[in-house]
Amino acid sequence: MARFAGWTADFGTFELISPTGERSSLSGGEAGVLRVFLESANRLLNRADLMDRLGIDADTNFDRSIDVRISRLRAKLEEDPRNPRFIKTVYGAGYLMVAQVEWS
């Protein structure tokens, strides 16, 4: 379980719990991406890094699948997914999860 900015990610139940206690289900893909981001909080990750850490074969999978998972996570996490607070895009470089994370 990980806590960040009032949110809780429960990887055992595939749930995301908002600061107000609302629960959202996470798909396996969303949970995997979120876990990688939280384990690498405040460090830049490019698509290749993400795919490698998720065990996704770049030769047989389209790298935009990562973008789709990130978009879905943003829709669950962000008040304004077009102006994200947590999962930032660093154009031409990758993604950055901006958060202090506590694990339990």
>> For Phe86 and Phe4, take the angle between the two ring planes, folded into 0 to 90°, and tell me which bin it lands in: parallel under 30, tilted 30 to 60, perpendicular over 60.
In response: perpendicular
> Heavy atoms, side chains only, cut-off 4.5 Å: are Met1 and Thr8 in contact?
Replying inline: yes
>> Show, in sequence, the C-alpha distance, side-chain angles and deciding distance for Ile66 and Leu54, and conclude whether the side chain to side chain contact (heavy atoms under 4.5 Å, CB included) test is met.
In response: CA-CA 10 Å; Ile66 294 295; Leu54 291 166; 3.7 Å; yes
> What's in the same ILVMFWY side-chain cluster as Val98, cut-off under 4.5 Å, chained through other members?
Replying inline: Leu44, Val90, Leu96
>> So, applying side-chain contact (heavy atoms from CB on, under 4.5 Å) with Tyr95, which one of Val33, Leu50, Val36 is it?
In response: Leu50
> Do Arg43 side-chain atoms and Glu39 backbone N/O form a donor-acceptor pair below 3.5 Å?
Replying inline: yes
>> What's the separation between atom CZ in Arg47 and atom CD1 in Ile56, rounded to the nearest 0.5 Å?
In response: 12.0 Å
> Can you list every pair that meets side chain to side chain donor-acceptor pair (under 3.5 Å) and has a residue in residues 70-84, with sequence neighbours left out?
Replying inline: Glu30-Lys76, Arg74-Thr89
> Does the side chain of Arg69 pick up a donor-acceptor pair with the side chain of Ser27 at under 3.5 Å?
Replying inline: no
> So, for Ala99 and Ala41, which heavy atoms are closest and what is the spacing to 0.1 Å?
Replying inline: O-CB, 3.5 Å
> Looking only at heavy atoms, which two atoms of Ala93 and Asn46 are closest? And how far apart?
Replying inline: O-CB, 3.1 Å
> Looking only at heavy atoms, which two atoms of Phe14 and Gly28 are closest? And how far apart?
Replying inline: CE2-CA, 3.8 Å
> Please walk me through it: do Glu22 and Ile17 pass side chain to side chain contact (heavy atoms under 4.5 Å, CB included)?
Replying inline: CA-CA 6 Å; Glu22 294 176 50; Ile17 305 163; over 6 Å; no
> Considering all heavy atoms of both residues, which atom of Ala2 and which atom of Phe11 are nearest to each other, and what is their separation?
Replying inline: CB-CE1, 4.3 Å
> Are the side chains of Arg85 and Leu77 in touch, meaning some heavy atoms are under 4.5 Å apart?
Replying inline: no
> Which heavy atom of Ala5 sits nearest a heavy atom of Pro19, and at what distance?
Replying inline: O-CG, 3.8 Å
>> If you apply the rule side chain to side chain contact (heavy atoms under 4.5 Å, CB included), what do you find for Ser24 with Glu15, and how did you get there?
In response: CA-CA 6 Å; Ser24 299; Glu15 283 188 308; over 6 Å; no
>> Is there a side chain to side chain contact (heavy atoms under 4.5 Å, CB included) between Asn42 and Met97? Walk through the geometry before answering.
In response: CA-CA 5 Å; Asn42 303 303; Met97 172 60 121; over 6 Å; no
> Which atoms form the tightest heavy-atom contact between Ala75 and Pro81, and what is the distance?
Replying inline: CA-CG, 4.0 Å
> Could you walk me through whether Arg23 and Thr13 pass the side chain to side chain donor-acceptor pair (under 3.5 Å) check?
Replying inline: CA-CA 11 Å; Arg23 295 175 178 264; Thr13 61; 5.5 Å; no
